[in-house]
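Just so we're on the same page: letters track the sequence lines, and every chain starts at 1.
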Amino acid sequence: MEHLKLNQIIWQVVAMIPEGKVATYGQIARICGYPGHARYVGTTLKQLPDDSDLPWHRVINAKGEIAFPVGSDGYQRQRKLLENEGVQFKQNKIKLLDYRWE
DNA sequence: GTTGTGACTACCA
DNA sequence: ATGGTAGCCACAA
């Protein structure tokens, strides 16, 4: 996956995250072979169509939190999807030690 | 070219 | 734990 555009590589990696697990933005960037591009991962996910089949909800920040402001509709959508997969929240955070992919 | 903008992070008080 | 800060870097204008 070398000469593809970065956003396509990112989509590919995100698609690999298994159900019930999560990955951080920085982690995705690293796996893509582009360490330091955490922000761009988010920027790319933002461009996803709502009907995308990509598991974008399994991507969270390094603190184990959803990147959206708490209470925003994006936040609630993502949280619900994760909880449906069995990912549990401790208040507003996920225990990365338990759910981190890889 | 240069500038502004993030669904980010690591570090430090 | 929590908030501020300074790096970060591809991309669009």
*Does A:Lys93 or A:Asn7 map to a spot on DNA chain C nearer the 5' end, using the closest nucleotide for each?*
A:Lys93
*From C:dA10, B:dA7, C:dC8, pick the nucleotide closest to the side chain of A:His37?*
C:dA10
*Give the nucleotide from the list B:dT9, B:dA7, C:dA10 with an atom nearest to the side chain of A:Gln78.*
B:dA7
*Main-chain N/O of A:Ile94 paired to A:Lys63 side chain as donor or acceptor, under 3.5 Å*: no
_Using the side-chain heavy atoms of A:Lys46, tell me which of these nucleotides is nearest: B:dA7, C:dC11, C:dG7._
B:dA7
*Is any side-chain N or O of A:Tyr40 closer than 4.0 Å to OP1 or OP2 of C:dC8?*
no
*Could you tell me the separation between the CZ atom of A:Arg39 and the P atom of C:dA12, rounded to a whole number of Å?*
16 Å
*Mind checking the CD1-CD1 spacing from A:Ile10 to A:Ile31? Nearest 0.5 Å is all I need.*
11.5 Å
*Rounded to the nearest angstrom, tell me the gap between atom CG in A:Leu48 and atom P in B:dG6.*
18 Å
*Rounded to the nearest angstrom, tell me the gap between atom CD in A:Gln8 and atom P in C:dA10.*
17 Å
*asked:* Nearest whole Å is fine: how far is C:dA12 P from A:Gln47 CD?
replied: 7 Å
_Sugar-phosphate, base or nothing in reach of A:Thr24, heavy atoms under 4.0 Å_ = sugar-phosphate
*Pick base, sugar-phosphate or nothing for A:Phe68, based on heavy-atom distances below 4.0 Å to the nucleic acid.*
base
_Rounded to whole Å, please give me the gap between CG in A:Leu96 and C1' in B:dC8._
14 Å
*Knowing that exactly one of A:Ser52, A:Cys32, A:Pro55 qualifies, which makes a side chain to side chain contact (heavy atoms under 4.5 Å, CB included) with A:Val14?*
A:Pro55
*For atom OH of A:Tyr34 and atom P of B:dT9, their distance in whole Å*: 19 Å
*What's the spacing between A:Lys93 NZ and A:Ile60 CD1 if we round to 0.5 Å?*
11.0 Å
_Among C:dC11, B:dA7, B:dT9, the one nearest A:Leu45 by side-chain distance_ = B:dA7
*Looking only at side-chain atoms of A:Leu6, point me to the closest of B:dA7, C:dA10, C:dT2.*
C:dA10
*What integer distance in Å separates A:Arg30:CZ from B:dT9:P?*
10 Å
_Rounded to whole Å, how long is the line connecting atom CD of A:Glu65 with atom P of B:dA10?_
14 Å
*Taking atom CG of A:Asn84 and atom CD of A:Glu19, what is their separation to the nearest 0.5 Å?*
9.5 Å
